Amino acid sequence: MVMFPHCYFNRCIGKYGLLALSHSKLKTLRCFLFAAKYGTGLAPCAFTESNMAESQDWNPATAPFTGVLQDEDLLRTTHISSSDVSSSSTGLYVLDLINCGSLEPERTLYSKMLNKCTYLRKLKQGRAIHAHIQSSAFENDPVLLNFILNMYAKCGSLEEAQDLFDKMPTKDRVSWTVLISGYSQSRRASEALALFPKMLHLGFQPNEFTLSSLLKASGAGPSDDHGRQLHAFSLKYGYDMNVHVGSSLLDMYARWGHMREAKVIFKSLAAKNVVSWNALIAGHARKGEGEHVMRLFSQMLRQGFEPTHFTYSSVFTACASSGSLEQGKWVHAHVIKSGGQPIAYIGNTLIDMYAKSGSIKDAKKVFQRLVKRDIVSWNSIISGYAQHGLGAEALQLFEQVLKAKVQPNEITFLSVLTACSHSGLLDEGKYYFELMKKHGIEPQVAHHVTVVDLLGRAGRLNEANKFIEEMPMEPTAAVWGALLGACRMHKNMDLGVYAAEKIFELDPHDSGPHVLLSNIYASAGRLRDAGNVRKMMKESGVKKEPACSWVEIENEVHMFVANDDSHPMREEIQRMWEKISGKIKEIGYVPDTSHVLFFMDQQDREVKLQYHSEKLALAFAVLKTPPGLTIRIKKNIRICGDCHSAFKFASKVLGREIIVRDTNRFHHFLHGMCSCRDYW
DNA sequence: TTAGGGTTAG
């Protein structure tokens, strides 16, 4: 019933502009769309009648249509409403042609339209095409049914997909695979995995497509036998050498945190591609293994693989986690030089990388230049400001979120509350805690932790305790930990002991609260109780995490451990610290030994203090960098009170900015002051 | 016809 002439001709037809028809069905479809485009007043096409004539030898790869017709154009064919459709036979959209009965679509046309809907996630139009097919000769066509199934599954309507699947008169391996991948991609892993034994039972063998989807689902959960069975299955049938299955396998192990196995699979892959690299790099990035990530990134470049935005995201995440500003900048420059990657895809990770590496200025710059901001962009920059103690700026940005009519989420509010907490904005914190409920977001445990922290720091210890008692959920160790920290700060022994006991019940193996409690006792002069806590730690095998600091010099990260004698430059480092120490004592620094184990004598305590890892890192950085340069140090626990005081004086004596990132926040030391205003 | 990789908090 095709009414198109099977010949070539190009014409100008009234308001529809240039119209070309040809014998190729696909081409005909495109030509009609081209006409439709003119008819609806969309941007005119950028070619003329003359180059249209040249297109008689039309090649899809070089056709002048390329770049003119967008996916959206093809989708227009799926609008069934007649309101914007001319009755002129030349101007009808393809689907209207179908509607009029003047065009009997072939299977290919239906499948192409379904695929477009799938690609563009246009569920409504997909349903319309489904309805068409139901009243056509292809109602029970198994291949078309798979296309429809795929459309529902990828558009996220798993209920419609499952319903169609259940009713399909004939299912094949592709039908099973499509449904499995639908569940897997919608993060409904258990439903995806549950289909596997069923399909096997009915005699359908999975192929490489099925296995990739199943492995993805498996990687979403905890390490288990099902995933290993899938691995065995892939090996048995030789699918492990397929690059998709292989990459999914290594990704599964990487998500489980089993990097050794992931690496073995990666190495065994004969045909690696960029996805294989990305999966491995992402695995190391998730574990915070920055050095591994940088090494792999360089390797992939050397081997001629072009990084994608997935790669860059992982690399920036790794730089953020290790706080490697120089490396992060180097990779950023690489992105710009390579020119291929739109910054929009990696902008959020860039903001986070700069904020976490201590350069909030660069984070702000990237944020301001983002063409498209989503809630993750806002959260990243707000959280950045919060961590740097720039509470007022963070709150200003949050107001902009509301003004821009972007819907804040639970992370936005957590960042806002953290900003209040780190800047001592008590009333504002209370206000935003209530506001989040008005936005329909129920505060989770983490939000409660932040409020306890906020109240506790402000010295409102009883109020904080009451707040915990009234929590709608069971308080976790973190909630009591926030109270305990505040008790240490405000020297409230009774409440501190109470909070510590709660923590020991919930999380007996964490060393942090033990140390805090022991220090609370010690500062109250109750040395025997303090000793008992230490004894308890020893007996129950609770170990204090060794304190480490890192400093990045010329693209290389150097690690320092307290009282470490093994460093090749230890003597120079120690001499340098003694020099700094002497100078800062001259302008008022007094070592505060209350931060060192109480059972040492005063002199020992002072010696111990001198070799705290952050002091060693600072001395090393002073030795290795030119005067005036900002020094950035990262620490794995919170900076101690004595180092905090010493660094304030040191920033004055050295005439440099010193930025310390501890587990809680950033401290910018400059001209003898710290950005946290001693409030941390 | 069907498949695999990234980002914000604590």
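Everything numeric in this text was worked out from a predicted model, so none of it was measured. Just so we're on the same page: letters track the sequence lines, and every chain starts at 1.
In this structure, of B/dG10, B/dA3, B/dT8, it is B/dA3 that holds the atom nearest to the side chain of A/E208. Of the candidates B/dG4, B/dA3, B/dG5, the closest approach to any side-chain atom of A/S276 belongs to B/dG4. Closest contact between the side chain of A/F310 and the listed nucleotides B/dG5, B/dT8, B/dA3 involves B/dG5. In this structure, the nucleotide among B/dA3, B/dG4, B/dG6 sitting nearest to the side chain of A/K154 is B/dA3. Minimum atom distance to the side chain of A/V275 is reached by B/dG4, of the listed B/dG4, B/dT1, B/dA9.
A heavy-atom distance below 4.5 Å is found between the side chains of A/V445 and A/M473. Residues A/S421 and A/R457 have side chains in contact (heavy-atom distance under 4.5 Å, counting atoms from C-beta outward). A heavy-atom distance below 4.5 Å is not found between the side chains of A/L214 and A/S248. In this structure, A/W277 and A/F310 have side chains that are not in contact, with every pair of non-hydrogen atoms separated by 4.5 Å or more.
If you check every strand for non-hydrogen atoms under 4.0 Å, A/Q387 touches sugar and phosphate atoms only. Note on A/N150: only backbone sugar-phosphate atoms sit closer than 4.0 angstrom, heavy atoms only; bases stay farther off. Residue-level contact check: A/S212 touches the bases, meaning some heavy atom is under 4.0 Å from a base atom. Within the 4.0 angstrom heavy-atom criterion, only backbone atoms of the sugar-phosphate kind lie near A/S248; the bases stay farther away. Contacts of A/V245 with the nucleic acid, taken as non-hydrogen atoms under 4.0 Å apart, are absent. If you check every strand for non-hydrogen atoms under 4.0 Å, A/V445 touches nothing.
Of the residues in residues 359-380 of chain A, those lying under 4.0 Å from DNA chain B by heavy-atom distance are A/V376, A/N379, A/S380. Residues from residues 397-420 of chain A placing a heavy atom under 4.0 Å of any atom in DNA chain B, listed by number, are A/I411, A/L414, A/S415, A/T418.
If you check distances only, the side chain of A/T308 does reach the base of B/dG5 with a donor-acceptor pair under 3.5 Å. Not a single donor-acceptor pair, N or O on each side, falls under 3.5 Å between the base of B/dG4 and the side chain of A/N278.
Remark: side-chain polar atoms of A/R187 are not paired, donor with acceptor, to backbone N or O of A/S184 under 3.5 angstrom.
In this structure, A/T349 does not reach the B/dG6 phosphate: none of its side-chain N or O atoms is under 4.0 Å from OP1 or OP2. At B/dG10, none of the side-chain N or O atoms of A/Q444 fall inside 4.0 Å of OP1 or OP2 (strictly under the cut-off). The side chain of A/R286 places an N or O atom within less than 4.0 Å of a non-bridging phosphate oxygen (OP1 or OP2) of B/dG6. At least one side-chain nitrogen or oxygen of A/K356 sits closer than 4.0 Å to the OP1 or OP2 atom of B/dA9. For A/R665, no side-chain nitrogen or oxygen approaches OP1 or OP2 of B/dA9 to under 4.0 Å. Between A/K216 and B/dG5, a side-chain N or O to OP1/OP2 separation shorter than 4.0 Å is present.
Rounded to an integer number of Å, the gap from A/N146 CG to B/dT2 P is 10 Å. In this structure, the NZ atom of A/K272 is 16 Å from the C1' atom of B/dG5, given to the nearest Å. For the pair A/W277 CH2 and B/dG6 C1', the interatomic distance rounds to 17 Å; values are reported in whole Å. The interatomic distance linking A/L280 (CG) with B/dG6 (P) rounds to 12 Å, in whole Å. The CG atom of A/N348 sits 9 Å away from the P atom of B/dT8 (whole-angstrom rounding). Between A/I265 atom CD1 and B/dG4 atom C1' there is a gap of 13 Å when expressed in whole angstrom units. Rounded to whole Å, atom C1' of B/dT8 lies 11 Å from atom CD1 of A/I381. Rounded to an integer number of Å, the gap from A/N242 CG to B/dA3 P is 13 Å.
The residues A/R188 and A/E159 are annotated as salt-bridged, a charged nitrogen and a carboxylate oxygen being separated by less than 4.0 angstrom. Between A/R228 and A/E261 there is a salt bridge, since at least one side-chain N of the basic residue sits less than 4.0 Å from a carboxylate O of the acidic one.
Not less than 6.0 angstrom separates the ring centroid of A/H244 from the ring centroid of A/F209.
Under the ring-ring contact (aromatic ring centres under 6.0 Å, His included) criterion, A/Y183 pairs with no residue, sequence neighbours left out.
Judged by distance alone, the side chains of A/H332 and A/Y354 do bring a donor and an acceptor atom under 3.5 Å apart. Side-chain contact of A/N409 with A/T412: a donor-acceptor pair under 3.5 Å is present, judged by distance alone.
The aromatic ring of A/H244 stacks onto the base of B/dA3, its centre lying under 5.5 Å from the centre of the six-membered base ring with the two planes under 30° apart.
Cation-pi check for A/K272 over A/F266 is met; the charged atom lies under 6.0 angstrom from the ring centroid and within 45 degrees of its normal.
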